Amino acid sequence: MFARFRRKRINPVLRDLLQETHLSVNDFIYPLFARSGTGIKDEVASMPGVFQMSIDEIVKECDDLKKLGIKSIILFGIPDVKDSVGSDAMCEHGIIAETVKAVKAAHPDMFVVTDLCFCEYTDHGHCGVLDPVLETVDNDITLDNLAKQAVIHAKAGVDMIAPSGMMDGMIQAIRGGLDRAGYENLPVMSYSTKFASAYYGPFRDVAESSPSFGDRRSYQMNPANRTEAIAESVADEQEGADILMVKPALAYMDVIRDVKNNTSLPLAVYNVSGEYSMLKMAAKAGVIDYDRVMMETLLGFKRAGADIIITYHAKEAAILLGK
Ligand code: PBG
Ligand code: ZN
């Protein structure tokens, strides 16, 4: 009598046949944090299972990732020296340039993405050069520096660049800089709709990138704004982005779907540090089944419209998907 939906849920094979959304190891990009030195692999207290690593350890880590079927990483750098402009990020021998060179030399088959921003490199921790009067980031000077940083990453051999600073016009500036330097074939994945979120807290411990004063609300988006969230991604599509992104993911499932429906580009989501740590800490407290909650969450991003998931869970999820 009440069999209309339930008769298709009884047989597990039929359940699998009818599954609408699928998660695959091909969906994942795994974040890694590089610092100078050798033999360094320091776990971060607020993110169990996430490490600051020296370049040699990152190269070794890529062996493990490939064994799990993970073929793409996104790199963040923690420089030895920070200054007002973030010089390390624009230097051919900076931490990210050296990491990209080492990884690509050892693993030509690893698809290496770099996060392109200045907050890890500036002594004030903001995502660009400061305007002394406004006491926030100067948009247009920062655009010039972003283009320089992009060319440094390109020369080092990166496979895709992911600008995360939420400067107006950043995609056009970076695309122009790359094209003029002869890197027309290098794709740009924009952090196109990025909110000023408290969920980045643990990341800033790992990346040592907390702003020394103020916050990022003069460049990252107000979490309350849905129309503007679409407009930000549409603008980056028009400026020439190849892939768009919504970040964070969990509290923004509606925005993921909106951006998917209002653009024609592939869409990434960033399952950010605070989202990861919440599951880790809840599991430690014994209140959730970690594996199941993790897989349900990742599948939810796909259902919402994500094509790519940047996630600290990638290794654990890859193991479960391989079973
Ligand atoms: C740099 C950047 C941040 C993240 C990715 N790139 C931090 C920030 O904007 O403060 C956050 C990632 C995470 O929380 O996992 N702009
Ligand atoms: Zn930044």
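All figures in this text were calculated on a predicted structure; none of them were measured in a lab. Atoms within a ligand are numbered from 1 in the order they appear, just like the ligands themselves.
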(request) Compute whether any side-chain donor of one residue and acceptor of the other, for Thr193 and Ser233, lie under 3.5 angstrom apart. (result) yes

(request) State whether a side-chain donor-acceptor pair under 3.5 Å links Tyr290 with His313. (result) yes

(message) If we set the cut-off at 4.0 Å for heavy atoms, which region of Tyr312 has an atom near ligand 1: side chain, backbone, both, or neither?
(response) side chain

(message) With a 4.0 Å cut-off on N to O distance, would you call Asp56 and Lys41 a salt bridge?
(response) no

(request) Enumerate the atoms of ligand 1 whose separation from the nearest heavy atom of Phe76 is less than 4.0 angstrom. (result) 5 (C), 6 (N)

(request) Measure from atom 2 (C) of ligand 1 to every heavy atom in Arg204, Lys194, His126 and give the option owning the shortest one. (result) Lys194

(request) Return the option from Phe203, Tyr219, Phe195 holding the heavy atom at the smallest distance from atom 12 (C) of ligand 1. (result) Phe203

(message) Less than 6.0 angstrom separating the ring centers of Phe33 and Phe203, yes or no?
(response) yes

(request) Please report the shortest heavy-atom distance between Val293 and Thr297, naming the atom on each side. (result) O-OG1, 2.7 Å

(request) Give a yes or no on whether the backbone of Met90 and the side-chain of Gln149 come within a donor-acceptor separation of less than 3.5 Å. (result) no

(message) Looking only at protein heavy atoms, which one is nearest to atom 6 (N) of ligand 1, and what is the separation?
(response) Asp115 OD1, 3.2 Å

(message) With a 4.0 Å cut-off on N to O distance, would you call Arg35 and Glu120 a salt bridge?
(response) no

(message) Heavy atoms only: which of Lys247, Gln220, Glu275, Met47 lies closest to atom 5 (C) of ligand 1?
(response) Lys247

(message) salt bridge (Lys or Arg N to Asp or Glu O under 4.0 Å), that's the test. Do Asp242 and Arg175 meet it? Break it down for me.
(response) CA-CA 10 Å; Asp242 298 290; Arg175 185 74 269 159; 3.7 Å; yes

(request) Would you kindly specify which portion of Cys119 sits under 4.0 Å from ligand 1, judged on non-hydrogen atoms: side chain, backbone, both or neither? (result) side chain

(request) Would you check whether Met166 reaches within less than 4.0 Å of ligand 1, judged by its heavy atoms? (result) no

(message) Among all protein heavy atoms in this structure, tell me which lies nearest to atom 14 (O) of ligand 1, with the distance rounded to 0.1 Å.
(response) Ser273 OG, 2.7 Å

(message) Tell me the angle that SG of Cys119 and SG of Cys117 form around the Zn ion (ligand 2), rounded to 10°.
(response) 120°

(request) For Glu275 and Val272, indicate whether the former's side chain and the latter's backbone hold a donor-acceptor pair under 3.5 Å. (result) yes

(request) Report yes if Glu120 has an N/O atom closer than 3.5 Å to an N/O atom of ligand 1; otherwise report no. (result) no

(message) Yes or no: does Ser164 have any heavy atom under 4.0 Å from an atom of ligand 1?
(response) yes

(message) If the cut-off is 2.8 Å, does any N/O/S atom of His126 fall short of it from the Zn ion (ligand 2)?
(response) no

